[in-house]
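Before any comments, here is the structure.
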Amino acid sequence: MEVINFRRNDMFCKIHSMALLGIDAKKVDVEVDVGNGLPGINLVGLIAAEVREARERVRVALRNVGVPLPAKKITVNLSPADLRKEGTAYDLAIAVGILCGLEMIPPEFTERVCIIGEVGLNGEIRPVPGVLSCAFSAREDGMEWIIVPKDNGQEAVMVDGIKVFAAETLDEVIDFFIGCDEKEPLMREYQAEITKSEEDFSDIRGQYLAKRAALIAAAGGHNLLLLGPPGSGKTMLARRIPGILPPLSLEESIELTKIYSVAGMFRPENGRITKRPFRSPHHTCTPPGMAGGGARLPVPGEITLATNGVLFLDEFPEFRRECIEVLRQPLEEHRVVISRLYGNYELPASFLLVAAMNPCPCGYYPDRNRCSCSPDRIRRYMGKISQPILDRIDLCVELSAVPLKDLSDKTCGETSAKLREKVTKCRQLQAERFKEEPWRLNAQIPSAGLDKYCVMTRKAEQKLVNSFVSRGFSVRLYDRIRRVARTIADLAEEEIITEAHVSEAVLYHAMEGGFRGYNGGLI
Ligand SMILES: Nc1ncnc2c1ncn2[C@@H]1O[C@H](COP(=O)(O)OP(=O)(O)O)[C@@H](O)[C@H]1O
Ligand SMILES: [Mg+2]
(Lines give C-alpha, C1' and ligand atoms only; values in the text may rest on other atoms or scores of the structure.)
(Ligands and ions follow the chains in the order given, each with its own letter.)
Protein backbone atom coordinates (compact mmCIF):
# COMPACT_ATOMS: atom_id res chain seq x y z
CA MET A 1 0.00 0.00 0.00
CA GLU A 2 1.16 3.45 -0.80
CA VAL A 3 1.75 5.48 2.31
CA ILE A 4 1.50 9.21 2.04
CA ASN A 5 2.96 11.47 4.69
CA PHE A 6 1.07 14.54 5.73
CA ARG A 7 3.61 16.76 7.42
CA ARG A 8 2.55 18.84 10.34
CA ASN A 9 4.13 20.21 13.46
CA ASP A 10 2.21 18.57 16.26
CA MET A 11 1.93 14.85 16.58
CA PHE A 12 -1.34 14.92 18.40
CA CYS A 13 -4.68 14.03 16.92
CA LYS A 14 -8.24 13.33 17.97
CA ILE A 15 -10.75 10.86 16.54
CA HIS A 16 -14.42 10.69 17.47
CA SER A 17 -16.13 7.49 18.56
CA MET A 18 -19.18 6.54 20.65
CA ALA A 19 -19.88 4.77 23.95
CA LEU A 20 -23.18 2.98 24.56
CA LEU A 21 -24.97 3.97 27.75
CA GLY A 22 -28.15 1.95 28.03
CA ILE A 23 -29.72 2.38 24.63
CA ASP A 24 -28.23 5.77 23.95
CA ALA A 25 -24.72 6.66 22.87
CA LYS A 26 -22.35 9.34 24.09
CA LYS A 27 -19.32 10.82 22.36
CA VAL A 28 -15.91 9.45 23.25
CA ASP A 29 -12.73 11.03 21.89
CA VAL A 30 -9.73 8.92 21.03
CA GLU A 31 -6.66 11.13 21.47
CA VAL A 32 -3.37 9.89 20.11
CA ASP A 33 0.05 11.26 20.81
CA VAL A 34 3.15 9.92 19.08
CA GLY A 35 6.43 10.83 20.68
CA ASN A 36 9.80 9.62 21.71
CA GLY A 37 10.10 7.12 24.50
CA LEU A 38 9.77 3.43 25.13
CA PRO A 39 8.29 2.01 21.88
CA GLY A 40 4.81 0.56 22.08
CA ILE A 41 1.15 1.48 22.42
CA ASN A 42 -0.05 2.75 25.76
CA LEU A 43 -3.84 2.88 26.29
CA VAL A 44 -5.31 5.02 29.08
CA GLY A 45 -8.66 6.49 30.13
CA LEU A 46 -10.73 4.26 32.44
CA ILE A 47 -10.80 1.31 30.10
CA ALA A 48 -12.02 -2.25 30.60
CA ALA A 49 -9.86 -5.29 29.87
CA GLU A 50 -11.28 -5.86 26.38
CA VAL A 51 -10.50 -2.25 25.45
CA ARG A 52 -6.94 -2.72 26.69
CA GLU A 53 -6.64 -5.70 24.36
CA ALA A 54 -7.41 -3.38 21.44
CA ARG A 55 -3.70 -2.55 21.65
CA GLU A 56 -2.78 -6.03 20.43
CA ARG A 57 -5.56 -6.34 17.89
CA VAL A 58 -4.76 -2.98 16.36
CA ARG A 59 -0.98 -3.52 16.30
CA VAL A 60 -1.30 -6.87 14.51
CA ALA A 61 -4.02 -5.63 12.16
CA LEU A 62 -1.98 -2.59 11.14
CA ARG A 63 1.04 -4.78 10.45
CA ASN A 64 -1.12 -7.13 8.39
CA VAL A 65 -2.36 -4.30 6.19
CA GLY A 66 1.21 -3.12 5.66
CA VAL A 67 1.68 -0.53 8.38
CA PRO A 68 4.37 -1.68 10.83
CA LEU A 69 4.54 0.59 13.85
CA PRO A 70 7.67 2.74 14.13
CA ALA A 71 9.83 2.64 17.25
CA LYS A 72 7.87 5.42 18.89
CA LYS A 73 5.91 5.76 22.05
CA ILE A 74 2.23 5.92 21.12
CA THR A 75 -0.13 7.09 23.83
CA VAL A 76 -3.87 6.62 23.26
CA ASN A 77 -6.25 8.34 25.65
CA LEU A 78 -9.98 7.71 25.61
CA SER A 79 -11.86 10.68 27.03
CA PRO A 80 -13.95 11.72 28.96
CA ALA A 81 -11.93 10.15 31.74
CA ASP A 82 -14.88 9.59 34.07
CA LEU A 83 -16.76 7.36 31.62
CA ARG A 84 -15.78 3.73 31.68
CA LYS A 85 -15.14 2.41 28.18
CA GLU A 86 -16.14 -1.13 27.44
CA GLY A 87 -16.50 -3.42 24.45
CA THR A 88 -14.53 -3.72 21.26
CA ALA A 89 -16.16 -0.91 19.29
CA TYR A 90 -13.24 1.51 19.85
CA ASP A 91 -10.73 -0.64 17.92
CA LEU A 92 -11.26 1.06 14.61
CA ALA A 93 -11.13 4.58 16.04
CA ILE A 94 -7.90 3.67 17.84
CA ALA A 95 -6.42 2.28 14.63
CA VAL A 96 -7.35 5.41 12.68
CA GLY A 97 -6.05 7.58 15.52
CA ILE A 98 -2.68 5.86 15.38
CA LEU A 99 -2.52 6.21 11.59
CA CYS A 100 -3.35 9.86 11.99
CA GLY A 101 -0.72 10.27 14.72
CA LEU A 102 1.81 8.67 12.38
CA GLU A 103 0.77 11.23 9.75
CA MET A 104 -0.41 8.57 7.35
CA ILE A 105 -3.86 10.04 7.04
CA PRO A 106 -4.73 13.75 7.00
CA PRO A 107 -6.15 15.07 10.29
CA GLU A 108 -8.45 17.75 8.89
CA PHE A 109 -11.16 15.46 7.63
CA THR A 110 -11.25 13.24 10.73
CA GLU A 111 -12.89 16.02 12.76
CA ARG A 112 -16.19 15.49 11.01
CA VAL A 113 -16.14 11.70 11.21
CA CYS A 114 -17.31 9.34 13.92
CA ILE A 115 -15.75 5.87 13.85
CA ILE A 116 -17.15 2.63 15.26
CA GLY A 117 -16.07 -0.98 14.80
CA GLU A 118 -14.09 -3.94 16.03
CA VAL A 119 -10.89 -4.80 14.19
CA GLY A 120 -9.83 -8.42 13.57
CA LEU A 121 -6.18 -9.43 13.43
CA ASN A 122 -6.34 -9.74 9.64
CA GLY A 123 -7.69 -6.22 9.34
CA GLU A 124 -11.32 -7.09 8.84
CA ILE A 125 -13.91 -4.88 10.51
CA ARG A 126 -16.39 -6.79 12.62
CA PRO A 127 -19.93 -5.76 13.60
CA VAL A 128 -20.71 -4.27 17.01
CA PRO A 129 -24.02 -3.72 18.85
CA GLY A 130 -25.88 -0.41 19.10
CA VAL A 131 -24.72 1.19 15.84
CA LEU A 132 -28.11 2.81 15.32
CA SER A 133 -27.86 4.67 18.64
CA CYS A 134 -24.29 5.70 17.78
CA ALA A 135 -25.41 7.10 14.43
CA PHE A 136 -28.18 9.10 16.14
CA SER A 137 -25.74 10.64 18.60
CA ALA A 138 -23.13 11.30 15.95
CA ARG A 139 -25.68 13.26 13.96
CA GLU A 140 -26.66 15.21 17.09
CA ASP A 141 -22.98 16.05 17.60
CA GLY A 142 -22.87 17.50 14.11
CA MET A 143 -20.73 14.82 12.47
CA GLU A 144 -20.81 14.64 8.70
CA TRP A 145 -19.82 11.00 8.39
CA ILE A 146 -20.00 7.84 10.44
CA ILE A 147 -17.76 4.89 9.62
CA VAL A 148 -19.26 1.58 10.72
CA PRO A 149 -18.65 -2.13 10.06
CA LYS A 150 -20.16 -3.31 6.79
CA ASP A 151 -22.62 -5.61 8.56
CA ASN A 152 -23.99 -2.66 10.55
CA GLY A 153 -24.26 -0.38 7.52
CA GLN A 154 -28.00 -0.68 6.97
CA GLU A 155 -28.55 0.06 10.63
CA ALA A 156 -26.64 3.34 10.44
CA VAL A 157 -28.34 4.52 7.24
CA MET A 158 -31.68 4.53 9.03
CA VAL A 159 -30.58 7.83 10.53
CA ASP A 160 -31.14 10.75 8.20
CA GLY A 161 -28.70 13.62 8.09
CA ILE A 162 -25.42 11.75 8.45
CA LYS A 163 -23.44 10.02 5.71
CA VAL A 164 -22.47 6.43 6.26
CA PHE A 165 -19.34 4.64 5.14
CA ALA A 166 -19.62 0.90 5.77
CA ALA A 167 -16.21 -0.75 5.75
CA GLU A 168 -15.29 -4.37 5.46
CA THR A 169 -11.55 -3.99 6.03
CA LEU A 170 -9.09 -1.56 7.55
CA ASP A 171 -7.68 -0.94 4.03
CA GLU A 172 -11.01 0.49 2.94
CA VAL A 173 -11.02 2.87 5.89
CA ILE A 174 -7.50 4.10 5.07
CA ASP A 175 -8.57 4.60 1.44
CA PHE A 176 -11.59 6.50 2.67
CA PHE A 177 -9.36 9.06 4.38
CA ILE A 178 -6.63 9.38 1.79
CA GLY A 179 -8.78 9.00 -1.31
CA CYS A 180 -9.22 12.43 -2.83
CA ASP A 181 -12.35 11.83 -4.87
CA GLU A 182 -15.88 12.41 -3.68
CA LYS A 183 -16.94 9.68 -1.31
CA GLU A 184 -20.19 7.93 -1.97
CA PRO A 185 -22.27 7.43 1.16
CA LEU A 186 -24.04 4.11 1.65
CA MET A 187 -27.64 4.18 0.50
CA ARG A 188 -30.63 2.72 2.22
CA GLU A 189 -31.66 -0.56 0.73
CA TYR A 190 -35.16 -1.27 -0.38
CA GLN A 191 -37.37 -1.59 2.65
CA ALA A 192 -39.46 -4.72 2.64
CA GLU A 193 -43.16 -4.29 3.24
CA ILE A 194 -43.96 -5.39 6.74
CA THR A 195 -45.93 -8.58 6.54
CA LYS A 196 -49.34 -8.15 8.02
CA SER A 197 -50.10 -10.44 10.91
CA GLU A 198 -52.22 -13.38 9.88
CA GLU A 199 -53.71 -13.54 13.33
CA ASP A 200 -56.87 -11.58 13.90
CA PHE A 201 -59.22 -11.08 16.82
CA SER A 202 -62.11 -12.31 14.74
CA ASP A 203 -60.51 -15.79 14.84
CA ILE A 204 -61.45 -16.11 18.49
CA ARG A 205 -64.81 -17.75 19.06
CA GLY A 206 -66.79 -17.11 22.23
CA GLN A 207 -64.76 -15.78 25.17
CA TYR A 208 -66.63 -12.51 25.07
CA LEU A 209 -65.57 -11.40 28.51
CA ALA A 210 -61.90 -12.14 27.83
CA LYS A 211 -61.99 -10.33 24.51
CA ARG A 212 -63.63 -7.34 26.15
CA ALA A 213 -60.98 -7.38 28.91
CA ALA A 214 -58.27 -7.42 26.23
CA LEU A 215 -59.84 -4.36 24.62
CA ILE A 216 -59.93 -2.52 27.97
CA ALA A 217 -56.35 -3.59 28.70
CA ALA A 218 -55.13 -2.21 25.39
CA ALA A 219 -57.18 0.97 25.66
CA GLY A 220 -56.12 2.00 29.16
CA GLY A 221 -52.74 0.25 29.40
CA HIS A 222 -53.99 -2.11 32.12
CA ASN A 223 -52.06 -5.29 32.83
CA LEU A 224 -54.11 -8.44 32.36
CA LEU A 225 -54.22 -11.86 33.96
CA LEU A 226 -55.90 -14.71 32.07
CA LEU A 227 -57.00 -17.69 34.05
CA GLY A 228 -58.26 -20.87 32.47
CA PRO A 229 -57.71 -24.53 31.65
CA PRO A 230 -55.39 -25.64 28.83
CA GLY A 231 -56.86 -25.10 25.38
CA SER A 232 -59.22 -22.32 26.41
CA GLY A 233 -57.45 -19.87 24.11
CA LYS A 234 -55.28 -17.87 26.51
CA THR A 235 -52.23 -17.91 24.26
CA MET A 236 -54.38 -17.27 21.23
CA LEU A 237 -55.87 -14.16 22.82
CA ALA A 238 -52.57 -12.80 24.15
CA ARG A 239 -50.87 -13.09 20.77
CA ARG A 240 -53.52 -10.90 19.22
CA ILE A 241 -53.19 -8.01 21.67
CA PRO A 242 -50.24 -6.20 19.98
CA GLY A 243 -52.41 -6.04 16.86
CA ILE A 244 -55.10 -3.97 18.57
CA LEU A 245 -52.69 -1.43 20.05
CA PRO A 246 -52.40 1.84 18.11
CA PRO A 247 -49.75 1.98 15.37
CA LEU A 248 -46.29 2.84 16.73
CA SER A 249 -45.45 6.53 16.77
CA LEU A 250 -42.18 7.58 15.15
CA GLU A 251 -40.50 8.01 18.57
CA GLU A 252 -41.69 4.59 19.75
CA SER A 253 -40.48 3.00 16.55
CA ILE A 254 -37.04 4.61 16.84
CA GLU A 255 -36.79 3.62 20.51
CA LEU A 256 -37.59 0.01 19.64
CA THR A 257 -35.15 -0.05 16.76
CA LYS A 258 -32.41 1.24 19.08
CA ILE A 259 -33.25 -1.46 21.62
CA TYR A 260 -33.05 -4.23 19.04
CA SER A 261 -29.85 -2.74 17.62
CA VAL A 262 -28.24 -2.78 21.09
CA ALA A 263 -29.49 -6.34 21.60
CA GLY A 264 -27.93 -7.36 18.27
CA MET A 265 -31.37 -8.53 17.12
CA PHE A 266 -32.06 -5.89 14.52
CA ARG A 267 -32.46 -6.94 10.90
CA PRO A 268 -31.82 -3.85 8.81
CA GLU A 269 -33.26 -5.47 5.69
CA ASN A 270 -36.67 -5.16 7.35
CA GLY A 271 -36.15 -1.46 8.03
CA ARG A 272 -37.06 0.42 11.17
CA ILE A 273 -39.19 -1.65 13.54
CA THR A 274 -42.80 -0.79 12.86
CA LYS A 275 -44.58 -3.66 14.56
CA ARG A 276 -45.30 -3.78 18.26
CA PRO A 277 -43.33 -6.57 19.89
CA PHE A 278 -44.86 -9.68 21.43
CA ARG A 279 -42.37 -11.31 23.78
CA SER A 280 -43.19 -14.64 25.31
CA PRO A 281 -40.26 -15.88 27.40
CA HIS A 282 -40.37 -19.44 28.66
CA HIS A 283 -40.90 -19.96 32.38
CA THR A 284 -37.35 -21.29 32.75
CA CYS A 285 -36.10 -17.78 31.91
CA THR A 286 -33.43 -16.43 34.31
CA PRO A 287 -33.71 -13.09 36.18
CA PRO A 288 -31.05 -11.43 33.96
CA GLY A 289 -32.81 -12.85 30.91
CA MET A 290 -35.98 -11.20 32.14
CA ALA A 291 -34.65 -7.88 33.44
CA GLY A 292 -31.52 -7.48 31.36
CA GLY A 293 -27.90 -7.53 32.38
CA GLY A 294 -24.49 -7.72 30.88
CA ALA A 295 -21.28 -7.20 32.77
CA ARG A 296 -19.96 -4.84 30.12
CA LEU A 297 -22.33 -3.64 27.46
CA PRO A 298 -26.04 -3.52 28.20
CA VAL A 299 -27.90 -6.67 27.24
CA PRO A 300 -31.61 -5.89 27.12
CA GLY A 301 -33.85 -8.44 28.84
CA GLU A 302 -37.34 -9.57 27.86
CA ILE A 303 -38.99 -6.60 29.59
CA THR A 304 -36.97 -4.17 27.47
CA LEU A 305 -37.49 -6.16 24.27
CA ALA A 306 -41.25 -5.98 24.99
CA THR A 307 -41.17 -2.17 25.16
CA ASN A 308 -44.17 -0.54 23.48
CA GLY A 309 -45.70 -3.98 23.08
CA VAL A 310 -46.79 -7.01 25.05
CA LEU A 311 -44.87 -9.15 27.53
CA PHE A 312 -46.71 -12.46 27.73
CA LEU A 313 -45.89 -14.71 30.66
CA ASP A 314 -47.54 -18.06 30.09
CA GLU A 315 -47.72 -20.49 33.03
CA PHE A 316 -47.16 -17.48 35.25
CA PRO A 317 -46.72 -19.32 38.59
CA GLU A 318 -44.07 -21.57 37.03
CA PHE A 319 -41.68 -18.64 36.65
CA ARG A 320 -38.96 -18.35 39.25
CA ARG A 321 -39.96 -16.03 42.03
CA GLU A 322 -37.00 -13.71 41.39
CA CYS A 323 -38.10 -13.45 37.77
CA ILE A 324 -41.54 -12.27 38.75
CA GLU A 325 -40.22 -9.94 41.43
CA VAL A 326 -37.92 -8.09 39.00
CA LEU A 327 -41.07 -6.94 37.22
CA ARG A 328 -42.08 -4.76 40.15
CA GLN A 329 -39.96 -1.70 39.44
CA PRO A 330 -40.51 -1.73 35.65
CA LEU A 331 -44.27 -2.11 36.08
CA GLU A 332 -44.21 1.01 38.21
CA GLU A 333 -41.57 3.14 36.50
CA HIS A 334 -41.52 1.81 32.91
CA ARG A 335 -37.75 1.49 32.99
CA VAL A 336 -35.25 -0.85 34.52
CA VAL A 337 -32.03 0.08 36.25
CA ILE A 338 -29.25 -2.44 35.87
CA SER A 339 -26.52 -2.10 38.43
CA ARG A 340 -23.02 -3.22 37.69
CA LEU A 341 -19.60 -2.93 39.20
CA TYR A 342 -18.91 0.24 37.23
CA GLY A 343 -22.01 2.34 37.50
CA ASN A 344 -25.63 1.65 36.65
CA TYR A 345 -27.43 2.03 33.43
CA GLU A 346 -31.04 2.37 32.57
CA LEU A 347 -33.06 0.67 29.86
CA PRO A 348 -36.63 1.37 28.80
CA ALA A 349 -39.15 -1.25 29.97
CA SER A 350 -42.59 0.01 29.16
CA PHE A 351 -44.79 -2.92 28.26
CA LEU A 352 -48.27 -4.28 28.71
CA LEU A 353 -48.08 -7.35 30.91
CA VAL A 354 -50.34 -10.23 29.96
CA ALA A 355 -50.00 -13.19 32.28
CA ALA A 356 -51.72 -16.53 31.85
CA MET A 357 -52.15 -19.38 34.25
CA ASN A 358 -54.08 -22.52 34.83
CA PRO A 359 -56.44 -22.43 37.79
CA CYS A 360 -54.49 -25.24 39.48
CA PRO A 361 -51.29 -27.26 38.87
CA CYS A 362 -53.08 -29.84 36.69
CA GLY A 363 -55.12 -27.14 34.98
CA TYR A 364 -58.64 -28.47 35.34
CA TYR A 365 -59.90 -27.04 38.61
CA PRO A 366 -62.81 -26.67 39.37
CA ASP A 367 -63.76 -29.65 37.17
CA ARG A 368 -63.74 -32.24 39.95
CA ASN A 369 -63.94 -35.10 37.44
CA ARG A 370 -60.61 -34.18 35.95
CA CYS A 371 -58.79 -32.26 38.69
CA SER A 372 -57.16 -34.13 41.50
CA CYS A 373 -55.25 -31.25 43.06
CA SER A 374 -55.67 -30.87 46.81
CA PRO A 375 -56.88 -27.49 48.12
CA ASP A 376 -53.53 -27.06 49.79
CA ARG A 377 -51.67 -27.65 46.54
CA ILE A 378 -53.89 -25.18 44.73
CA ARG A 379 -53.33 -22.62 47.46
CA ARG A 380 -49.58 -23.00 47.19
CA TYR A 381 -49.74 -22.76 43.40
CA MET A 382 -51.74 -19.54 43.56
CA GLY A 383 -49.58 -18.16 46.35
CA LYS A 384 -46.52 -18.20 44.11
CA ILE A 385 -47.52 -14.84 42.73
CA SER A 386 -46.87 -12.18 45.30
CA GLN A 387 -49.33 -9.52 46.33
CA PRO A 388 -47.20 -6.58 45.11
CA ILE A 389 -47.29 -8.06 41.61
CA LEU A 390 -51.03 -8.74 41.73
CA ASP A 391 -51.52 -5.15 42.85
CA ARG A 392 -50.10 -4.07 39.51
CA ILE A 393 -52.48 -6.21 37.47
CA ASP A 394 -55.71 -4.27 37.03
CA LEU A 395 -57.67 -6.86 35.08
CA CYS A 396 -58.28 -10.52 35.68
CA VAL A 397 -60.57 -12.78 33.67
CA GLU A 398 -61.41 -16.41 33.78
CA LEU A 399 -61.77 -18.37 30.57
CA SER A 400 -63.48 -21.70 30.38
CA ALA A 401 -63.09 -24.13 27.52
CA VAL A 402 -65.15 -22.94 24.59
CA PRO A 403 -68.30 -25.02 24.13
CA LEU A 404 -68.35 -26.93 20.86
CA LYS A 405 -71.29 -24.97 19.53
CA ASP A 406 -69.34 -21.73 19.96
CA LEU A 407 -66.28 -23.16 18.22
CA SER A 408 -68.30 -24.06 15.15
CA ASP A 409 -70.02 -20.69 15.19
CA LYS A 410 -69.01 -18.95 12.01
CA THR A 411 -70.20 -15.47 12.93
CA CYS A 412 -67.13 -13.37 13.26
CA GLY A 413 -66.54 -11.11 16.17
CA GLU A 414 -64.93 -7.73 15.77
CA THR A 415 -61.76 -7.60 13.73
CA SER A 416 -58.42 -6.41 15.05
CA ALA A 417 -58.63 -3.36 12.78
CA LYS A 418 -61.96 -2.33 14.28
CA LEU A 419 -60.73 -2.81 17.84
CA ARG A 420 -57.51 -0.94 17.10
CA GLU A 421 -59.60 2.03 16.01
CA LYS A 422 -61.42 2.03 19.34
CA VAL A 423 -58.19 1.71 21.28
CA THR A 424 -56.54 4.52 19.34
CA LYS A 425 -59.49 6.83 19.90
CA CYS A 426 -59.57 5.99 23.59
CA ARG A 427 -55.86 6.64 23.96
CA GLN A 428 -56.14 10.00 22.21
CA LEU A 429 -58.82 10.96 24.72
CA GLN A 430 -56.48 10.03 27.58
CA ALA A 431 -53.52 11.86 26.06
CA GLU A 432 -55.66 14.97 25.82
CA ARG A 433 -56.91 14.65 29.39
CA PHE A 434 -53.46 14.01 30.85
CA LYS A 435 -51.53 16.48 28.71
CA GLU A 436 -50.48 18.48 31.79
CA GLU A 437 -49.55 15.31 33.72
CA PRO A 438 -46.44 13.14 33.61
CA TRP A 439 -48.48 10.07 32.63
CA ARG A 440 -50.52 9.20 29.52
CA LEU A 441 -52.79 6.28 30.35
CA ASN A 442 -55.54 5.53 32.85
CA ALA A 443 -53.59 2.60 34.25
CA GLN A 444 -50.87 5.05 35.26
CA ILE A 445 -53.04 7.47 37.27
CA PRO A 446 -51.45 7.60 40.73
CA SER A 447 -53.73 7.07 43.73
CA ALA A 448 -53.58 10.77 44.53
CA GLY A 449 -55.00 11.63 41.11
CA LEU A 450 -57.95 9.25 41.19
CA ASP A 451 -60.41 11.61 42.90
CA LYS A 452 -59.71 14.24 40.29
CA TYR A 453 -59.85 12.01 37.22
CA CYS A 454 -62.34 9.28 38.15
CA VAL A 455 -65.42 11.30 38.94
CA MET A 456 -68.45 9.04 39.48
CA THR A 457 -72.18 9.50 39.78
CA ARG A 458 -73.60 9.04 43.28
CA LYS A 459 -75.15 5.75 42.19
CA ALA A 460 -71.89 4.48 40.78
CA GLU A 461 -70.13 5.24 44.01
CA GLN A 462 -72.81 3.45 45.97
CA LYS A 463 -72.51 0.48 43.64
CA LEU A 464 -68.77 0.30 44.21
CA VAL A 465 -69.14 0.45 47.98
CA ASN A 466 -71.80 -2.27 47.86
CA SER A 467 -69.58 -4.54 45.82
CA PHE A 468 -66.89 -4.20 48.38
CA VAL A 469 -69.20 -5.13 51.20
CA SER A 470 -70.92 -8.04 49.43
CA ARG A 471 -67.81 -9.55 47.86
CA GLY A 472 -65.43 -8.82 50.68
CA PHE A 473 -63.08 -6.87 48.38
CA SER A 474 -59.99 -5.46 49.95
CA VAL A 475 -59.31 -1.76 50.09
CA ARG A 476 -56.31 -1.90 47.76
CA LEU A 477 -58.58 -3.12 44.99
CA TYR A 478 -60.57 0.08 45.20
CA ASP A 479 -58.06 2.11 43.17
CA ARG A 480 -57.61 -0.60 40.55
CA ILE A 481 -61.34 -0.83 39.93
CA ARG A 482 -61.63 2.94 39.64
CA ARG A 483 -58.91 3.02 36.96
CA VAL A 484 -60.58 0.25 35.00
CA ALA A 485 -63.97 1.96 35.32
CA ARG A 486 -62.34 5.13 33.94
CA THR A 487 -61.22 3.24 30.82
CA ILE A 488 -64.62 1.60 30.38
CA ALA A 489 -66.25 5.05 30.55
CA ASP A 490 -63.69 6.39 28.07
CA LEU A 491 -64.47 3.58 25.62
CA ALA A 492 -68.10 4.72 25.86
CA GLU A 493 -66.90 8.31 25.48
CA GLU A 494 -68.45 9.38 28.76
CA GLU A 495 -66.72 11.76 31.12
CA ILE A 496 -68.57 10.78 34.30
CA ILE A 497 -68.31 7.15 35.42
CA THR A 498 -71.73 5.56 35.78
CA GLU A 499 -73.13 2.57 37.62
CA ALA A 500 -72.90 0.42 34.49
CA HIS A 501 -69.19 1.15 34.12
CA VAL A 502 -68.53 0.20 37.73
CA SER A 503 -70.60 -2.99 37.42
CA GLU A 504 -68.46 -4.04 34.49
CA ALA A 505 -65.17 -3.11 36.13
CA VAL A 506 -66.05 -5.29 39.10
CA LEU A 507 -66.46 -8.29 36.77
CA TYR A 508 -62.74 -8.36 36.07
CA HIS A 509 -61.84 -9.12 39.65
CA ALA A 510 -63.15 -12.60 40.01
CA MET A 511 -59.95 -13.46 41.86
CA GLU A 512 -60.82 -11.37 44.87
CA GLY A 513 -62.07 -13.63 47.61
CA GLY A 514 -61.16 -16.62 45.45
CA PHE A 515 -62.41 -17.34 42.00
CA ARG A 516 -65.45 -19.52 41.42
CA GLY A 517 -66.08 -19.68 45.09
CA TYR A 518 -62.75 -21.23 45.84
CA ASN A 519 -61.29 -19.41 48.79
CA GLY A 520 -57.72 -19.74 47.70
CA GLY A 521 -54.72 -17.84 48.87
CA LEU A 522 -54.58 -15.33 46.08
CA ILE A 523 -55.65 -12.13 47.74
N1 LIG B 1 -61.96 -19.31 21.65
C2 LIG B 1 -61.37 -20.01 20.68
N3 LIG B 1 -61.69 -19.79 19.40
C4 LIG B 1 -61.10 -20.46 18.41
N5 LIG B 1 -60.16 -21.40 18.60
C6 LIG B 1 -59.77 -21.67 19.86
C7 LIG B 1 -60.37 -20.99 20.96
N8 LIG B 1 -59.79 -21.45 22.10
C9 LIG B 1 -58.89 -22.36 21.71
N10 LIG B 1 -58.88 -22.50 20.37
C11 LIG B 1 -58.02 -23.42 19.61
O12 LIG B 1 -57.30 -24.19 20.52
C13 LIG B 1 -55.90 -24.00 20.34
C14 LIG B 1 -55.20 -23.94 21.68
O15 LIG B 1 -55.49 -22.73 22.32
P16 LIG B 1 -54.45 -21.98 23.21
O17 LIG B 1 -54.60 -20.53 22.98
O18 LIG B 1 -53.09 -22.52 23.01
O19 LIG B 1 -54.97 -22.34 24.65
P20 LIG B 1 -54.28 -22.12 26.05
O21 LIG B 1 -53.17 -21.17 25.85
O22 LIG B 1 -55.37 -21.57 26.92
O23 LIG B 1 -53.83 -23.45 26.51
C24 LIG B 1 -55.78 -22.73 19.57
O25 LIG B 1 -54.64 -22.74 18.73
C26 LIG B 1 -57.04 -22.67 18.77
O27 LIG B 1 -56.88 -23.38 17.56
MG1 LIG C 1 -51.19 -21.58 26.17
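Not measured: the values here are computed from a predicted model. Atoms within a ligand are numbered from 1 in the order they appear, just like the ligands themselves.
The two residues Met18 and Tyr90 have their closest heavy-atom pair at O-CE2, 3.5 Å. Considering all non-hydrogen atoms of both residues, Leu352 and Ala217 come closest at CD1-O, 3.9 Å. Residues Lys211 and Ile204 share a closest heavy-atom pair of NZ-O, 2.8 Å.
Ala356 does not count as a contact of ligand 1, since none of its heavy atoms falls under 4.0 Å from the ligand. Heavy atoms of Asp203 come nearer than 4.0 angstrom to ligand 1 in at least one pair. At least one heavy atom of Gly231 sits closer than 4.0 Å to an atom of ligand 1. Proximity of Ser232 to ligand 1 is established by a heavy-atom distance of less than 4.0 Å.
Not a single N or O atom of Asp314, backbone or side chain, sits closer than 3.5 Å to an N or O atom of ligand 1. At least one N/O-N/O distance between Met236 and ligand 1 falls below 3.5 Å. For ligand 1, the polar-atom distance check finds no N/O of Gly206 at less than 3.5 Å from any of the ligand's N/O atoms.
The nearest heavy-atom contact from the protein to atom 18 (O) of ligand 1 is Thr235 CB, 3.9 Å. Protein heavy atom at the shortest distance from atom 19 (O) of ligand 1 is Gly233 N, 3.1 Å.
The closest donor-acceptor contact from the side chain of Arg427 to the backbone of Ala218 lies under 3.5 Å. The main-chain N or O of Cys426 is found under 3.5 Å from a side-chain atom of Gln430 such that the two form a donor-acceptor pair. Under the 3.5 Å distance criterion, the side-chain polar atoms of Ser416 are left unmatched by any main-chain donor or acceptor of Asp200.
Which parts of ligand 1 touch Ile204 is read off a 4.0 Å heavy-atom cut-off, strictly below it: atoms 1 (N), 3 (N). The ligand atoms of ligand 1 that sit less than 4.0 angstrom from a heavy atom of Pro230 are 23 (O). Close approach to Arg205 involves these atoms of ligand 1, each under 4.0 Å from a residue heavy atom: 1 (N), 2 (C), 3 (N), 4 (C). Set against the non-hydrogen atoms of Pro229, the atoms of ligand 1 under 4.0 Å away are 22 (O).
Of all protein N/O/S atoms, those lying under 2.8 Å from the Mg ion (ligand 2) come to 1.
Under the ring-ring contact (aromatic ring centres under 6.0 Å, His included) criterion, Phe312 pairs with Phe278, sequence neighbours left out. Residues passing the side chain to side chain contact (heavy atoms under 4.5 Å, CB included) test with Lys150 are Glu168, sequence neighbours excluded.
Here His283 contributes atom NE2 and Arg320 contributes atom CZ; the two are 12.5 Å apart, rounded to the nearest 0.5 Å.
Looking at Gln207 against ligand 1, only its side chain comes within 4.0 Å, counting heavy atoms.
Checked against Tyr453 for a side chain to side chain donor-acceptor pair (under 3.5 Å), the options Arg433, Arg486, Glu437 give a single hit: Glu437. Of the residues Arg482, Lys459, Lys463, the one that meets the side chain to side chain contact (heavy atoms under 4.5 Å, CB included) test with Val502 is Lys463.
Under the 4.0 Å distance rule, the nearest protein heavy atom to atom 13 (C) of ligand 1 falls outside the cut-off. Atom 25 (O) of ligand 1 is never approached by the protein to below 4.0 angstrom, counting heavy atoms only.
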Audit row: Phe201, Lys418, side chain to side chain contact (heavy atoms under 4.5 Å, CB included) steps and yes/no: CA-CA 10 Å; Phe201 248 77; Lys418 194 93 192 129; over 6 Å; no
Side chain to side chain contact (heavy atoms under 4.5 Å, CB included) evaluation trace for Met357 with Ile385: CA-CA 11 Å; Met357 63 192 280; Ile385 302 163; 3.7 Å; yes
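Residue pairs meeting the salt bridge (charged side-chain N to carboxylate O under 4.0 Å, His left out) criterion with at least one partner in residues 125-139, sequence neighbours excluded, are Glu118-Arg126, Glu124-Arg126.
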